Amino acid sequence: MSNPNNPNDPDSLSLAPSGGGKKADFSNVQGGSSSTEAPASTPKADFSNVQGGSSSTEETIGEQTYTVQKGDTLSHIAKQFYGKAGGWNRIFEANRDQLGNPDLIKPGQVLKIPAQAD
């Protein structure tokens, strides 16, 4: 039961609806927030002097690769890339890391094909 003489008295508060069955009117309630603290000024990252690039010690100008097919020989591959079968030794030398014998190439091997000599 509420105390009409002191509406701030906690003992006078009641959750029971008051007499006329009226619902509370919250139509004029407004929300919001504010702060007296100034917004933090965080410096933005400066990427104006960033540069990119790459380099390699391998000769890649004009170099291609070729995946060996069944029945291929270095001579056939050289003829295909250089127009003459005699260039097979160039391909062999460029692939010494995976070839010990120029007659033993296997299907699926990926060979480096150096640029044609001028």
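Quick caveat: nothing in here was measured; it's all calculated off a predicted structure.
Interatomic distance, CG of N89 versus CG of L74, reported as 9.0 Å (0.5 Å rounding).
Electrostatic pairing of E93 and R90 does not count as a salt bridge here, judged by no charged N lying under 4.0 Å from a carboxylate O.
The two residues F81 and Q116 make their nearest non-hydrogen contact at O-OE1, 4.2 Å. When all heavy atoms of A78 and W88 are compared, the pair lying nearest together is CB-N, 3.4 Å. Contact record, N101 with F92: C-CE1, 3.8 Å, taken as the closest heavy-atom pair.
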Tell me, with the steps shown, if Q109 and Q98 meet side-chain contact (heavy atoms from CB on, under 4.5 Å).
CA-CA 9 Å; Q109 281 182 307; Q98 60 178 326; 4.0 Å; yes

Criterion side-chain contact (heavy atoms from CB on, under 4.5 Å) on K112 and D97, from CA distance to verdict:
CA-CA 11 Å; K112 292 175 263 185; D97 59 330; 3.8 Å; yes

Candidate pair I91 and L99, rule side-chain contact (heavy atoms from CB on, under 4.5 Å), full reasoning
CA-CA 10 Å; I91 298 171; L99 298 177; 5.8 Å; no

Before you tell me yes or no, could you show the steps for I77 and I105 under side-chain contact (heavy atoms from CB on, under 4.5 Å), namely the whole-Å CA-CA distance, both residues' side-chain angles and the distance that decides it to 0.1 Å?
CA-CA 11 Å; I77 297 168; I105 62 173; 4.1 Å; yes

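For the side chain to side chain contact (heavy atoms under 4.5 Å, CB included) test with V110, the passing option among V68, T65, N95 is T65; the others fail.
Put simply, the side chain of Q30 never gets that close to the backbone of N28: no donor and acceptor are under 3.5 Å apart.
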